[in-house]
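Okay, structure first, notes after.
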Amino acid sequence: MTDNHFDFTIYQQEERTTACLAFSEYVKSKLLSKSVQELPPIEQRNAEVTHYTECFFQHFGENMHTVCLYYLSNYLLLDYIKDRNVYKVRDEGSFLSPNQLTKRSKCEIPVTDDFMSATRAEYLFNIAKPVLKVNIDDV
């Protein structure tokens, strides 16, 4: 675990929301701000996340807010998120960010089976199409 870990016991049972907000700020400032070189191995990060979630549940008797869990999941994937390799989608187990998904969907053109069949038939059978000839003087 990290030397300066977050302590949930300083909060009362009614202060669950305040504890979640403070914990979110702690995760953003202390854990997510680390560079890739400063990150501990994934096993240690997994143990830290498990420790934080278990401590929270033991103290409050409820699960953390989804915002806290979102930040903790980002901490687990931080080495992958901060990787600047543009070809990381080709790696096994890769995923796309919401921005990458939006860009990809804008570039892709959905193709139906009918379109594919017509294109394939045109390619296979080289169907002659009528050519419209226009005189330049007529235009």
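- By the rule that hydrophobic residues join a cluster once side-chain heavy atoms approach within less than 4.5 Å of another member, Val36 and Ile81 end up as members of separate clusters.
- Annotation: side chain to side chain contact (heavy atoms under 4.5 Å, CB included) contacts of Asn46 (sequence neighbours excluded): Thr50, Leu76.
- No donor-acceptor pair closer than 3.5 Å links the side chain of Gln44 to the backbone N or O of Pro41.
- Under the 4.5 Å side-chain criterion, counting only non-hydrogen atoms from C-beta, Phe6 is not in contact with Cys55.
- Judged by distance alone, the side chains of Tyr26 and Tyr52 do bring a donor and an acceptor atom under 3.5 Å apart.
- The shortest non-hydrogen separation linking Ser24 to Cys68 is OG-SG, 3.4 Å.
- Leu78 and Tyr70 fall within a single hydrophobic cluster, where Ile, Leu, Val, Met, Phe, Trp and Tyr side chains are chained together by heavy-atom contacts under 4.5 Å.
- The same ILVMFWY cluster, assembled from side-chain heavy atoms under 4.5 Å apart, contains both Leu72 and Val67.
- Put simply, the side chain of Met64 does not reach to within 4.5 Å of the side chain of Tyr71, judged on heavy atoms.
- For the pair Asn74 and Leu31, the minimum side-chain heavy-atom distance is 4.5 Å or more.
- Within the 4.5 Å cutoff, side-chain heavy atoms of His65 are placed close to those of Thr17.
- Looking only at side-chain heavy atoms (C-beta outward), Leu69 and Phe56 stay at 4.5 Å or farther from each other.
- Judged as a side chain to side chain contact (heavy atoms under 4.5 Å, CB included), and not counting sequence neighbours, the contacts of Gln13 are His59, Phe60.
- By the 4.0 Å N-to-carboxylate-O rule, Arg45 lies too far from Glu48 to be salt-bridged with it.
- Smallest separation of non-hydrogen atoms from Glu25 and Lys28: OE2-NZ, 3.1 Å.
- No side-chain heavy atom of Lys82 sits under 4.5 Å from any side-chain heavy atom of Leu39.
- A distance of 11.0 Å separates CZ of Phe8 from CZ of Arg16, quoted to the nearest 0.5 Å.
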